[in-house]
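Single-structure report; data block below.
Reminder, nothing fancy here: chain letters follow the sequence lines and each chain counts from 1. Model, not experiment: these values are computed from the prediction.
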There are 2 protein chains.
Amino acid sequence: MMDEGIGRMHDAIPSLPAEQATLCRLMSMVGKRMDEGLEEKLKPHQLNHSEFLTLMILHSRPDGSSTPGELCEFTSQGSTNMTRIGNALVQRGLVSRGASAEDRRCVLIRITAAGRRFVQKMLPPMFPHTEAMFAGFSAAERKQFSRLLRKLAKNLDQLDAEQAS
Amino acid sequence: MMDEGIGRMHDAIPSLPAEQATLCRLMSMVGKRMDEGLEEKLKPHQLNHSEFLTLMILHSRPDGSSTPGELCEFTSQGSTNMTRIGNALVQRGLVSRGASAEDRRCVLIRITAAGRRFVQKMLPPMFPHTEAMFAGFSAAERKQFSRLLRKLAKNLDQLDAEQAS
DNA sequence: AGTTTATAATTCACTGGTGAAATAAATTGT
DNA sequence: ACAATTTATTTCACCAGTGAATTATAAACT
């Protein structure tokens with residue numbers, strides 16, 4: 001379907017790089033699909049993607065804490081949105097928010113004991129789904145896939161850097 | 001960075017399928033990055049991703065026309081949003097909206113001559129960027145990448161189908 | 001020391017997208 | 001033929017995320 005469409009575009013505009021355009025569409029579509037699947041799994045827990053990711057990152061930090069600014073970097077969210085995410089998670093008692101001792105401009109966000117328990121409980125039931133997504137992928141294919149994705153990511157970094165300059 | 005984080009999660013919860021989780025994160029991140037790059041390129045033309053995609057699909061149809069319902073399917077947009085997209089494109093004179101003769105419930109959306117000219121003009125300057133994203137990818141790698149993405153897409157379809165039943 | 005500049009977080013107004021209800025036309029069953 | 005069901009689109013109310021302006025603190029300059 002998509003292939004036909006891009007094929008016809010290529011007929012109309014022969015300079016169109018059909019193969020690359022197809023890969024773009026695939027990345028975009030499949031990425032979106034994956035995210036929707038995850039969001040589905042998170043719905044019962046009343047979390048959205050970025051709240052979940054924020055909580056995961058906090059959980060995975062040695063001391064369980066970070067600042068809004070850092071979390072923005074790690075989650076690729078804007079600071080505006082991180083404020084809201086913080087509000088949501090604090091409200092549910094999964095994280096705490098306090099002033100930083102060293103730099104009083106900063107806020108310290110820390111996962112609570114309840115937050116850790118919540119993660120430990122809600123995470124494992126998601127694993128079967130995660131594994132099923134890659135059913136039929138050999139270890140070599142997974143490795144290759146990872147390599148290609150990282151290569152693409154690097155090119156995108158490169159392009160961003162060029163554009164910024 | 002992400003690898004370390006997932007590694008520490010794996011330490012805390014050993015049943016976590018680290019490799020698959022990493023691939024999920026990569027897909028999500030890289031897909032998002034690609035979309036942002038595209039959006040950037042579209043901004044000068046005052047189009048967003050879904051308006052662009054809708055216009056592309058119309059352009060690539062043999063007769064240059066479709067219905068909102070079809071366009072929803074093809075773009076994976078909700079019908080609500082397609083109404084807005086239609087409004088935006090009609091307002092700019094890139095597409096026209098009229099009643100369908102066969103089924104009077106349907107609306108017929110058709111790309112205009114101005115719409116086609118617009119596409120022909122704005123598309124080619126985007127090609128270098130599209131090609132640059134896959135710089136350093138051999139033909140074999142591109143093919144492999146496409147294969148893996150389609151395989152993943154198939155698994156996701158499968159999972160959706162199971163869940164629906 | 002005191003002014004300027006830079007950084008961190010928040011608030012506000014807006015955009016893009018979603019779900020539920022409303023409307024209208026076609027299809028099905030009797 | 002006509003009532004009931006299904007399908008197509010739109011409208012309305014809401015959610016998630018973004019950019020610009022605001023406030024507070026820290027760092028740099030003179």
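- When the C1' atom of dA16(D) is taken as reference, atom CD of E36(A) falls 15 Å away, rounded to whole Å.
- Protein atom CZ of F52(B) is 22 Å distant from nucleotide atom P of dT15(C), rounded to whole Å.
- dA16(D) atom P lies 14 Å from atom NE2 of H49(A), rounded to whole Å.
- In the model, R84(B) has no side-chain atom that pairs as donor or acceptor with a side-chain atom of N87(B) under 3.5 Å.
- In terms of heavy atoms, R97(A) sits closest to G86(A) at NH2-C, 3.8 Å.
- For C106(B), taking side-chain heavy atoms from C-beta onward, the closest of the listed nucleotides dT9(D), dA6(C), dA25(C) is dT9(D).
- Listed for the K41(B) side chain is no donor-acceptor partner under 3.5 Å among the backbone atoms of H129(B).
- At distances below 3.5 Å, not a single donor-acceptor pair connects side-chain atoms of H49(A) with backbone N or O atoms of E39(A).
- The nearest heavy atom of DNA chain C to K43(A) and to N48(B) marks one nucleotide each, and the one closer to the 5' end goes with N48(B).
- To the nearest angstrom, P of dG17(D) lies 15 Å from CG of D35(B).
- Going from atom CD of E39(A) over to atom P of dT18(C) covers 11 Å, rounded to whole Å.
- What separates CG of L53(A) from P of dA16(D) is a distance of 15 Å, to the nearest Å.
- Taking every heavy atom of residues 59-90 of chain B and every atom of DNA chain C, pairs under 4.0 Å involve Q77(B), G78(B), T80(B), N81(B), R84(B), by number.
- Listed for the T130(A) side chain is no donor-acceptor partner under 3.5 Å among the backbone atoms of Q20(B).
- Donor-acceptor pairing under 3.5 Å, judged by distance alone, is present between the side chain of R105(A) and the base of dT7(C).
- By the 6.0 Å and 45° rule, R61(B) does not stack over the aromatic ring of F74(B).
- Screening R142(B), K143(B), R150(B) for a side chain to side chain donor-acceptor pair (under 3.5 Å) involving S146(B) leaves a single residue, R150(B).
- Between D35(A) and K32(B), no side-chain nitrogen of the basic residue sits less than 4.0 Å from a carboxylate oxygen of the acidic one, so the salt-bridge criterion is not met.
- Few gaps surround CD on E162(B); more than 12 heavy atoms of other groups in view lie less than 6.0 Å from it.
- For the OP1/OP2 pair of dA16(D) and a distance below 4.0 Å, the side-chain nitrogens and oxygens of S50(A) include no atom meeting the criterion.
- Atom CG in L42(B) sits roughly 15 Å away from atom C1' in dT15(C) (whole-Å rounding).
- Using a 4.0 Å cutoff on non-hydrogen atoms, the parts of residues 91-104 of chain A near DNA chain D are D103(A), R104(A), ordered by number.
- In this structure, the CG atom of L47(A) is 16 Å from the P atom of dC15(D), given to the nearest Å.
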